[in-house]
Amino acid sequence: QVQLVESGGGLVQPGGSLRLSCAASGFILGYYATGWFRQAPGKEREGVSCISSSDGTTRYADSVKGRFTSSRDNAQNTVYLQMNSLKPEDTAVYYCAAQGPFGPCTEVPGVGNGMDYWGKGTLVTVSS
């Protein structure tokens, strides 16, 4: 059974950090371009970052460049999103999604309609 499970969300103060994890089961996540998307209440889903399947090339939305970093641990079948210098406008449900196999990152920037598998999301709240 193909599954993506996000974890690591929570409440953090502005300027703080969180690391999200996306653990895959039922398939080899390393073969798939893996993206992080977020959706805030009343807003369209937004592609935040993507890491390619081939060489680990990353892409980021302009709104998070320099603050967010995506990485892989193929041994753990997991992709991470390190989020630093968090702002209230980063508050959203964060989803990971996989595209492929062996595809490049084509959905970031974008809303992710071309992604093949999705997790159920984890809530990130940035507030004092």
Side-chain angles (χ1 to χ4, degrees):
Q1 180 183 2
V2 169
Q3 196 171 14
L4 290 171
V5 178
E6 303 94 338
S7 61
L11 173 64
V12 63
Q13 292 186 339
S17 298
L18 282 175
R19 188 177 79 156
L20 305 184
S21 299
C22 172
S25 59
F27 71 109
I28 298 174
L29 189 58
Y31 290 171
Y32 288 70
T34 307
W36 287 94
F37 297 80
R38 67 185 181 187
Q39 190 162 23
K43 293 191 175 181
E44 188 178 48
R45 187 170 62 202
E46 173 191 20
V48 172
S49 72
C50 186
I51 184 165
S52 71
S53 60
S54 56
D55 58 3
T57 301
T58 51
R59 301 181 71 171
Y60 299 96
D62 288 343
S63 57
V64 306
K65 278 181 183 176
R67 301 188 297 123
F68 289 13
T69 303
S70 186
S71 61
R72 289 187 179 277
D73 184 338
N74 288 335
Q76 298 296 322
N77 215 27
T78 299
V79 166
Y80 302 98
L81 183 66
Q82 178 67 42
M83 306 187 295
N84 298 328
S85 302
L86 283 161
K87 305 174 181 180
E89 51 264 43
D90 294 318
T91 296
V93 177
Y94 283 71
Y95 302 88
C96 71
Q99 177 187 23
F102 305 114
C105 288
T106 61
E107 299 295 315
V108 175
V111 299
N113 288 338
M115 305 302 283
D116 296 304
Y117 305 124
W118 288 86
K120 293 184 177 180
T122 185
L123 176 63
V124 172
T125 303
V126 185
S127 175
S128 54

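Along the sequence shown, residues carry numbers from 1.
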Y117 and F27 aromatic ring geometry - parallel, tilted or perpendicular at 30°/60° bounds: tilted
S85 (side chain) donor-acceptor with R67 (main chain) under 3.5 angstrom: no
Side-chain (N77) to main-chain (A24) donor-acceptor, under 3.5 angstrom: yes
Any residue meeting ring-ring contact (aromatic ring centres under 6.0 Å, His included) with Y95, in chain and number order, not counting sequence neighbours: none
Greater than 12 external heavy atoms within 6.0 Å of Y31's OH: no
Exam field: side chain S52 to backbone C50, donor-acceptor pair closer than 3.5 Å: no
Side-chain donor or acceptor of E6 paired with backbone N/O of T122 under 3.5 Å: no
Side chain T125, main chain V12, donor-acceptor under 3.5 Å: no
Results of ring-ring contact (aromatic ring centres under 6.0 Å, His included) for F68 - residues two or more places apart only: none
salt_bridge(D62, K65) N-O dist < 4.0 Å: yes
Distance, nearest 0.5 Å, that separates OG1 of T78 from CG of L4: 10.0 Å
Spacing of M83 atom CE and S17 atom OG [to the nearest 0.5 Å]: 8.5 Å
